[in-house]
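Below: one structure, written as structure tokens.
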Amino acid sequence: MLKVAVAKAPPGPKPRLFVGNLLEFGKDPLAFFTECAQRYGDVVSLKLGGWPAIFINHPDHFDYVLLENSKNFIKHSFFWRHVTAIFGEGLLTNEGAPWLRQRRLMQPAFHRERVAGYGKTMVDFAERMLDDWDAERKTRRDVHQDMMHLTMEIATKTLFGADLSDQAAAEIGKAFDDAIVEIAVRFRRPVKIPRWLPLPSNRRYARAVARLDRLVYDMLEQKRKANGGGDDLLTMLTEARDEDGSAMDLKQIRAEAVTIFLAGHETTAITLSWTFHLLAQNPEVEERLVRELRDAVGDRRVAMADLPRLPMLANVVNESMRLFPPAYAIGREAIEDCEIGGYPIPAKTTIFLSPWVSHRDARWFKDPLAFKPERWENDFAKKLPRFAYVPFGGGPRVCIGNSFALMEGALVLASVLRRYRLTQPKGLKIEPFASITLRPAGGMPMSVEQRSQR
């Protein structure tokens, strides 16, 4: 680990009375974390309301928190109490033995061989979406909305063995959007406002949670009518048994299903949206990628077996997640006193690290603000310090669906580029919206044009 002179506390921005640094944090977390790193270094002292916090910005410190001493750092910080209505005690928020049990239970659904088997379904749904584009003949689309709808259908089919009607998908999309907006507000509050207060925001949040609950219960009902069976994740959850032979209760199934459903489509849709934006702003990169795709695949549909012959495709996805990591910040809370970078860190301190900041650090990435997929050539990732690039987190709690997301992103991106050219005005600025994930604020408006066949 990095060593600095021991001090009473790390340097940091001066806190305001009562609210600490919450105003600056709440206004723009991305700018706030960036300024903290630039002005105060790799360990920064913060105050969020009445809670002590630190911001860390070095791969060695990430390693210590996420891997080396991960048992001393839990996810159950005061921020996560705002989202228990949606995620419950699921894989995202659970701790200790219950988390480990659930992780082991769900791991088979994401084994390499099984994920590879999802590839055809991913391409089938992508091609069906593009057929709809052909029929609608729109020249402008909100591509983020399209990607959210597509990845929602893919996650529902591959992970839960169910099909969504267009109406159900639209209702769930609206519920999810409402929930994300309300969660973003809650993450920035220094105090927890009771859910029972009849505020418009609380009502919107409650409606969103109720709609997501109905999704899971409808899928469970489909399973019941089909008399079970299947090898999807939902079947694994319903058929799982504890050591004493008891089944998982409905509340736990619901928590795990909602967590995997939301994580299984939101982050991939975001990655695809930002990737289309970056390619539109860098048409020379897009031209090279399309040329690679045509040379390797021709005019047929892309398949899982094609991916090893498409190295630039993987580099483009990696570079997109470097500049716009869906999980822009990672939080932990110290259980016991410890030391990071030579500074004493008391128990109950919240620790933040930000892939948004570390991925744009010139110490690890030359010309860090530029979109350069070629930087990933020649095993560049292996030359980086461990934890310099963490789009899926790291350590024991690395994202369980990282292989699923990477394959889905590559297959959908290739499917779209094979048939359509997506453009935006040069220099168009799309602002990121930092909630749980890094959505494009206001969507991703793009002009779409069918490609001519060779």
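Considering all non-hydrogen atoms of both residues, Val43 and Gly341 come closest at CG2-CA, 4.5 Å. The two residues Lys383 and Asn378 come nearest to each other via the heavy atoms NZ-O, 3.1 Å. The minimum heavy-atom distance between Gln281 and Leu428, with the atom names listed, is OE1-N, 3.6 Å.
Within a 6.0 Å sphere centred on CD of Glu24, heavy atoms belonging to other residues, nucleotides or ligands number more than 12. Within a 6.0 Å radius of CZ in Arg39, no more than 12 heavy atoms belonging to other residues, nucleotides or ligands are found.
Residues Glu374 and Asn315 are not in side-chain contact: their nearest non-hydrogen atoms beyond the backbone lie 4.5 Å or more apart. In this structure, the side chains of Ile345 and Glu339 stay at 4.5 Å or more apart for every pair of heavy atoms. Proximity of Phe55 to Phe32: side-chain heavy atoms (C-beta onward) are nowhere separated by under 4.5 Å. Two residues are said to be in side-chain contact when any heavy atoms from C-beta on lie closer than 4.5 Å; Phe33 and Val44 fail this criterion. A 4.5 Å side-chain heavy-atom check between Thr275 and Met321 finds every atom pair outside the cut-off. Counting heavy atoms from C-beta outward, Leu413 and Leu272 have side chains that approach closer than 4.5 Å. Counting only heavy atoms from C-beta outward, the side chains of Phe110 and Ser403 never approach each other to under 4.5 Å. The shortest side-chain heavy-atom distance between His61 and Ile351 does not fall under the 4.5 Å cut-off.
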Pair Ile56-Val65, side-chain contact (heavy atoms from CB on, under 4.5 Å): steps then yes or no: CA-CA 10 Å; Ile56 57 177; Val65 171; 3.9 Å; yes

Phe352 vs Ile54, side-chain contact (heavy atoms from CB on, under 4.5 Å): CA-CA, chis, key distance, verdict: CA-CA 6 Å; Phe352 290 106; Ile54 64 166; over 6 Å; no

Met446 and Thr423: CA distance, side-chain angles, deciding distance, side-chain contact (heavy atoms from CB on, under 4.5 Å) verdict: CA-CA 6 Å; Met446 304 194 78; Thr423 59; over 6 Å; no

Pair Glu266-Ile270, side-chain contact (heavy atoms from CB on, under 4.5 Å): steps then yes or no: CA-CA 6 Å; Glu266 162 85 351; Ile270 287 171; 3.3 Å; yes

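Although no hydrogens or angles enter the test, the distance criterion places no donor-acceptor pair under 3.5 Å between the side chain of Lys426 and the main chain of Ala280. Between the side chain of Asn21 and the backbone N or O of Lys47, at least one donor-acceptor pair lies under 3.5 Å. Checking side-chain atoms of His359 against main-chain N and O of Val390 turns up a donor-acceptor pair under 3.5 Å. Using a distance-only test at 3.5 Å, with no hydrogens or angles considered, no donor-acceptor pair links the side chain of Glu286 to the main chain of Arg421. A donor-acceptor pair is defined here as one N or O able to donate and one able to accept, closer than 3.5 Å; no such pair exists between the side chain of Asn402 and the backbone of Phe392. The backbone N or O of Ser447 sits nowhere less than 3.5 Å from a side-chain atom of Gln424 that would complete a donor-acceptor pair. Under the 3.5 Å distance criterion, the side-chain polar atoms of Ser320 are left unmatched by any main-chain donor or acceptor of Val316. Between the side chain of Arg375 and the backbone N or O of Asp367 there is at least one donor-acceptor pair closer than 3.5 Å. Not one N or O on the side chain of Glu449 forms a donor-acceptor pair closer than 3.5 Å with the backbone of Tyr420. Panel note: side chain Glu292, backbone Met312; a donor-acceptor pair is recorded below 3.5 Å.
For the pairing with Phe125, the side chain to side chain contact (heavy atoms under 4.5 Å, CB included) check across Met152, Glu408, Lys157 returns one residue only, Lys157.
Classification of the Phe324-Trp274 ring pair by plane angle, with boundaries at 30° and 60°, yields parallel.
Checked against the 6.0 Å centroid threshold, Trp356 and Tyr328 do not count as a close aromatic pair. Under the 6.0 Å cut-off for aromatic ring centres, Trp376 and Tyr389 qualify, their centroids lying closer than that.
Taken to the nearest 0.5 Å, the CG atom of Asp361 stands 6.0 Å off from the CH2 atom of Trp364. The distance from atom OG of Ser358 to atom NE2 of His58, rounded to the nearest 0.5 Å, is 11.0 Å. Rounded to the nearest 0.5 Å, atoms CE (Met444) and CG (Leu422) are 10.5 Å apart. We find the CG-CZ distance between Leu293 and Arg288 to be 14.5 Å, quoted to the nearest 0.5 Å.
At a threshold of 4.0 Å, the pair Lys75-Glu333 does not count as salt-bridged, since none of the basic side-chain nitrogens sits closer than that to a carboxylate oxygen. Under 4.0 Å is where a charged nitrogen must lie from a carboxylate oxygen, and between Glu319 and Arg322 at least one such pair does. Looking at Asp42 and Arg363, a side-chain N of the basic residue comes within less than 4.0 Å of a carboxylate O on the acidic one, giving a salt bridge.
Counted by atom type alone, His265 and Thr151 present zero donor-acceptor pairs between their side chains at under 3.5 Å.
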